[in-house]
Amino acid sequence: MSYVGRFAPTPSGALHFGSLVAAVASYLDARANKGRWLVRIEDLDPPRTAPGSIDEILRCLDTFGLHWDDEPMRQSQRQPAYKEALELLVQQGYVFPCSCSRAQLNSHPLYRCNCLEQPPSQPEVAMRVATPAISITVEDAIMGPQTQHLADEVGNFVLQRKDQLFSYQLAVVVDDAQQKISHIIRGSDLYQQTPQQVWLQACLDYKQPSYGHLPIIINGQGQKLSKQNLATPLDMLQAPALMSEALERLGHPAPCGLRQAPVAEQLEWAAGQWDIECVPKRMQDPIAFV
Ligand code: GLU
């Protein structure tokens, strides 16, 4: 099987240390398996795209020696493909229009509306999946197997919002299939969302990639590093030190002589050593780069 990995940043701000760890892990797993490594810009929600951030993200990856194959895919240009997939799911009878407000939907993780029984009359509706009462188990190369009951634990999730924007869940599945992604290594914040993606893949007759979710990196306040809690943007001038820190987090500490070496040398060394079994399953201590 040919290996294709990917890094799929949302351009809502600059990359931070958590993004670097995810990018390095998926890059190394691809290179160690003689695979290709693609970048996909998840600019699905244009108002959330920070001006200049796409170029900045690509420049940052390049500075860290994370050179991608092919032209990066842009989700903002993929609307026809998402529409087609949604239509297939509609034909299979899984999708229903829903007029509930975001506040109602957010009021409870398993909020149940009655739009399924009483279809809304207003024109502005979201399209949601009526999840079946089945359990999905996904093997995870780092975290181990995960089983989720779709109806009880996930609920009826959104595929297209009222403002017509397609959801991350639909887009990610369609794009992973289009890019023929065979291996997904990403942050564990998406671990819980994987069973629903696997189910959508089955409905759409797509091949299921293998998954590995990395431990979350938390800051000094015990929060997950994200753009929302203002994780410090990666300092490109510190690339060698940050790379060596990322490798250490991933259970592949570089030998002393390599710690200040150019990123390309560190990555080459790490690709030769890479063993996904060495990636820690839990985050140890909060890190200093916040
Ligand atoms: N776009 C998501 C993020 O920036 C990642 C999605 C994925 O890897 O599936 O967190």
Side-chain angles (χ1 to χ4, degrees), residues 4-30 35-50 53-54 56-58 60-61 64 66 68 72-78 81-82 85 138 140-143 146 148 154 157-159 161 165-201 204 206-219 223-231 233-234 246 279:
V4 188
R6 51 71 157 180
F7 178 58
T10 302
S12 53
L15 298 182
H16 52 75
F17 186 72
S19 341
L20 177 67
V21 171
V24 167
S26 78
Y27 176 89
L28 288 175
D29 203 55
R36 298 166 68 238
W37 189 68
L38 309 182
V39 167
R40 179 168 71 235
I41 301 293
E42 300 211 319
D43 53 348
L44 201 53
D45 189 348
R48 279 189 60 213
T49 300
S53 65
I54 297 178
E56 188 68 5
I57 285 172
L58 295 176
C60 188
L61 290 174
F64 279 86
L66 301 165
W68 56 90
M73 177 181 266
R74 294 269 307 259
Q75 288 193 324
S76 56
Q77 294 162 7
R78 301 263 308 139
Y82 306 145
V138 186
D140 191 286
I142 300 166
M143 313 273 278
Q146 176 194 195
Q148 237 178 26
V154 177
F157 59 95
V158 172
L159 295 180
R161 295 176 359 188
L165 285 181
F166 291 98
S167 71
Y168 158 73
Q169 292 297 356
L170 181 69
V172 75
V173 161
V174 173
D175 291 342
D176 283 333
Q178 169 69 28
Q179 291 188 297
K180 298 195 169 40
I181 303 300
S182 64
H183 290 74
I184 295 176
I185 308 285
R186 60 185 178 187
S188 59
D189 49 331
L190 294 161
Y191 181 60
Q192 301 278 346
Q193 309 214 22
T194 308
Q196 47 194 300
Q197 294 177 15
V198 164
W199 178 71
L200 283 178
Q201 285 154 2
L204 292 165
Y206 296 158
K207 216 163 162 210
Q208 184 190 320
S210 33
Y211 289 91
H213 287 87
L214 298 161
I216 293 175
I217 298 187
I218 48 174
N219 66 15
Q223 300 161 319
K224 173 192 166 249
L225 279 199
S226 73
K227 290 158 204 149
Q228 283 72 33
N229 61 34
L230 300 178
L234 287 170
V279 174

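First listed ligand is number 1; within each ligand, the first listed atom is number 1. The model shown is predicted, which means the values in this text are computed figures rather than measured ones. When a residue number appears, it is its place in the shown sequence, counting from 1.
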- Message: Give the atom numbers and elements of ligand 1 that come within less than 4.0 Å of a heavy atom of E42.
- Response: 1 (N), 2 (C), 5 (C), 6 (C)

- Atoms of ligand 1, numbered as shown, that sit under 4.0 Å from any heavy atom of L190: 5 (C), 6 (C), 7 (C), 8 (O), 9 (O)

- Could you list which atoms of ligand 1 come closer than 4.0 Å to a heavy atom of R186? 7 (C), 8 (O), 9 (O)

- Under 4.0 Å between heavy atoms, the region of V172 that gets near ligand 1 turns out to be side chain

- Message: Need the ligand 1 atom indices (1-based, order shown) with element for anything under 4.0 Å from a heavy-atom of P9.
- Response: 4 (O)

- Query: Do ligand 1 and T10 have nitrogen or oxygen atoms that lie under 3.5 Å from each other?
  - Reply: yes

- Judged by atom type as modelled, is there a donor-acceptor pair below 3.5 Å linking the side chain of Q148 to the main-chain atoms of V154? no

- Message: Regarding Q179 and R6, do their side chains bring together a donor and an acceptor under 3.5 Å, going by distance alone?
- Response: no

- So is Y168 close enough to ligand 1, meaning a heavy atom under 4.0 angstrom away? yes

- Would you say S188's side chain and L214's backbone share a donor-acceptor pair under 3.5 angstrom? yes

- Message: Does either side chain, that of D175 or that of Y82, offer a donor lying less than 3.5 Å from an acceptor on the other one?
- Response: yes

- Task: Assess the side chains of Q178 and Y206: does a donor N or O sit below 3.5 Å from an acceptor N or O?
- Result: no

- Heavy-atom donor-acceptor pair, S26 side chain to G5 backbone, under 3.5 Å: no

- Taking the inter-plane angle between the rings of W199 and F157 on a 0 to 90° scale, is it parallel (under 30°), tilted (30 to 60°) or perpendicular (over 60°)? perpendicular

- Note on the structure: The answer for which part of R6 has a heavy atom under 4.0 Å from ligand 1 is side chain

- Of the backbone atoms (N, CA, C, O) and the side-chain heavy atoms from C-beta on, which set of D189 has a member under 4.0 Å from an atom of ligand 1: side chain, backbone, both, or neither? neither

